[in-house]
Amino acid sequence: MTDRAGILTQPILVVDDHRPMLRLVAAQLEGLGFRDIETELDPAAALARLKRRRYGVILSDWNMTPISGLNLLRNVRAEAINATTPFILITAEVAPENVLAAKAAGVSGYIAKPFDAAQLKAKLQAVLGAF
C-alpha cells in the first residue's frame, strides 16, 4: 500500500527563472495535494538551498541563466547527498540529443512544455510512486 500522505508531505523544490512558470508549477503541485513546496528563481541559489535541505523531488526548467537546468542536474548528481534525489526537467527542449544528454546526466523524468496537471502527476508518480 502506498503511503500517500508520506509522498504528499515530501519537500519539493521547483526551479525556474521565469516567475509565471514557477507560479504555475507550484499551483499545480498544490492542486495535486503537495504541501511543502519551495520555489527558486535563481538556479545558483537553488544549489545553495540543496546544501541546506534535502528534497523529495526537484523540478527544474532547462533554459535558465546563469546555470541551465541540465547543468543544475549535473551539479545535483555530483553531490553524494543528492545523487539519488528524483530530478524532473520541465522544458521545450525535446530534441532527441537533448533528451539523451539529460538521461546521461541522470534525469529521473522529463516533461515537455506545454503540460497540464495530469501530465505532471503522471511524471511525479513515475518517480515517487502512486499518490
[X] side, atom [atom1]; [Y] side, atom [atom2] - distance, nearest 0.5 Å:
X: Asp16; Y: Ser60; atom1: CG; atom2: OG; answer: 7.5 Å
X: Asn63; Y: Asp17; atom1: CG; atom2: CG; answer: 8.5 Å
X: Phe87; Y: Leu13; atom1: CZ; atom2: CG; answer: 8.5 Å
X: Arg49; Y: Asp42; atom1: CZ; atom2: CG; answer: 10.0 Å
X: Met64; Y: Met21; atom1: CE; atom2: CE; answer: 12.0 Å
X: Leu59; Y: Ile88; atom1: CG; atom2: CD1; answer: 5.0 Å

Locate the shortest heavy-atom distance separating [X] from [Y]; write the atom from each residue and the value.
X: Arg77; Y: Ser108; result: NH2-OG, 3.3 Å
X: Leu73; Y: Ala105; result: CD2-CB, 3.6 Å
X: Ile67; Y: Asn71; result: CG2-CB, 3.8 Å
X: Phe34; Y: Ile7; result: CE2-O, 3.4 Å
X: Leu128; Y: Gly56; result: CD2-O, 3.8 Å
X: Ala46; Y: Val15; result: CB-CG2, 3.7 Å

Beyond-backbone contact of [X] with [Y], side-chain heavy atoms, under 4.5 angstrom:
X: Val14; Y: Asp61; answer: no
X: Glu38; Y: Pro11; answer: no
X: Leu41; Y: Leu22; answer: yes
X: Leu120; Y: Phe115; answer: yes
X: Leu124; Y: Leu32; answer: yes

Is the shortest distance from a Lys or Arg side-chain nitrogen in Lys121 or Asp116 to a carboxylate oxygen in the other one below 4.0 Å? no
Are more than 12 heavy atoms, taken from residues, nucleotides or ligands other than Lys103, located less than 6.0 Å from that residue's NZ atom?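 Incorrect, the count does not exceed 12.
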Does Arg19 have more than 12 heavy atoms from other residues, nucleotides or ligands lying within 6.0 Å of its CZ? no
Any donor and acceptor pair, going by atom type alone, linking the side chain of Asp36 with main-chain N or O of Gln10 inside 3.5 Å? no
Treating Glu79 as the side-chain partner and Ile81 as the backbone partner, does any N or O pair qualify as donor plus acceptor under 3.5 Å?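 Flag not set: sc Glu79 to bb Ile81 has no pair under 3.5 Å.
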Does Ile58 form a side chain to side chain contact (heavy atoms under 4.5 Å, CB included) with Leu50? I'd like the steps, not just the answer. CA-CA 10 Å; Ile58 302 163; Leu50 288 161; 3.7 Å; yes
Can you spot which of Thr9, Leu29, Ile12 makes a side-chain contact (heavy atoms from CB on, under 4.5 Å) with Arg35? Thr9
Dump the intermediate steps for side chain to side chain contact (heavy atoms under 4.5 Å, CB included) on Leu47 and Lys51, then the final yes or no. CA-CA 7 Å; Leu47 286 172; Lys51 291 185 186 309; 5.7 Å; no
